[in-house]
Amino acid sequence: MPAYAIGHLRNVVMGPAIVEYLERIDESLEPFGGHFIIHGALPDVKEGNWEGDLIVIAFPDRGKADAWYASPAYQAIKTLRSDNSDGQILLIDGVDADHRASDILSAA
């Protein structure tokens, strides 16, 4: 089952540290099969309010996502982002292509 790293970042200071982070993150993802599927595109907000940037990185499974986040390569650059932005980062399991909304009712 796919898994995702999701970042909701605000107040990003686009300076040398963020530039270095952006230049190095792709190589940290590669060994774990991670790739960007959303990276800061401006949303067309239909309901509610939105501020900041949304980043979604897809991984083949949760184990790969966890291994990437804990990897020395990512840990070496993480503070370049966290010291220069506010926000939340989370890792979350995805669902299979045949998932239906009502499937969560059987888990409840």
Side-chain angles (χ1 to χ4, degrees):
M1 185 169 356
Y4 302 93
I6 300 174
H8 178 201
L9 303 181
R10 295 171 302 287
N11 305 314
V12 177
V13 178
M14 190 57 78
I18 291 293
V19 170
E20 181 180 350
Y21 178 82
L22 293 171
E23 290 173 344
R24 295 175 59 189
I25 190 168
D26 291 314
E27 71 184 32
S28 79
L29 294 169
E30 190 174 317
F32 305 98
H35 64 278
F36 287 93
I37 59 174
I38 298 172
H39 195 194
L42 294 176
D44 180 8
V45 179
K46 299 296 187 190
E47 298 182 28
N49 297 311
W50 179 262
E51 69 174 76
D53 297 305
L54 180 67
I55 297 92
V56 180
I57 302 169
F59 291 90
D61 57 53
R62 181 63 178 274
K64 297 277 189 192
D66 287 331
W68 162 74
Y69 189 82
S71 72
Y74 186 67
Q75 291 299 307
I77 65 171
K78 184 176 82 165
T79 59
L80 297 171
R81 174 197 44 80
S82 63
D83 289 351
N84 294 282
S85 65
D86 299 319
Q88 298 77 33
I89 304 296
L90 57 105
L91 302 180
I92 191 165
D93 291 322
V95 296
D96 292 326
D98 61 347
H99 175 84
R100 298 292 174 254
S102 59
D103 292 348
I104 65 163
L105 297 175
S106 63

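As the structure is a computational prediction, the values presented were derived from the model and not from experiment. The figures here come from the full heavy-atom set of this structure, side chains too, leaving out hydrogens, waters and symmetry mates.
- Contact between Asp103 and Ser106 at its shortest, heavy atoms only, is O-OG, 2.9 Å.
- Minimum heavy-atom separation, Lys64 to Asp61: N-OD1, 2.8 Å.
- Annotation: Leu90, atom CG; neighbour count of heavy atoms from other residues, nucleotides and ligands within 6.0 Å is above 12.
- Atom CD1 of Ile55 sits about 4.0 Å away from atom CG of Leu9, to the nearest 0.5 Å.
- Here the closest non-hydrogen pair linking Leu80 and Ala17 is CB-O, 3.6 Å.
- Within the model, atoms CZ of Arg10 and CH2 of Trp50 stand 8.0 Å from one another, a figure rounded to the nearest 0.5 Å.
- Contact of the Leu29 side chain with the His35 side chain is not registered, since no non-hydrogen atoms from C-beta on lie closer than 4.5 Å.
- At most 12 non-hydrogen atoms from other residues, nucleotides or ligands lie less than 6.0 angstrom from CD of Glu51.
- A heavy-atom distance below 4.5 Å is found between the side chains of Trp68 and Ile25.
- In this structure, His39 and Leu22 have side chains that are in contact, with non-hydrogen atoms separated by less than 4.5 Å.
- Nearest heavy-atom pair across Arg62 and Asp93 is CB-OD1, 3.0 Å.
- Listed here is the closest heavy atom pair of His99 and Ile104: CE1-CG2, 4.3 Å.
- Of the possible donor and acceptor atoms, none in the side chain of Asp96 sits under 3.5 Å from a partner among the backbone N and O of Asp98.
- Dense packing is recorded around CD of Gln75, with more than 12 heavy atoms of other residues, nucleotides or ligands lying under 6.0 Å away.
- Contact annotation: the side chain of His8 never approaches that of Ile6 to less than 4.5 Å [non-hydrogen atoms, C-beta and beyond].
- Across Leu54 and Ile38, no two heavy atoms sit closer than the pair O-CG2, 3.5 Å.
- In this structure, the side chains of Ile89 and Arg81 come closer than 4.5 Å at one or more pairs of heavy atoms.
- Between atom CD1 of residue Ile37 and atom CZ of residue Phe59 there is a gap of 10.5 Å, rounded to the nearest 0.5 Å.
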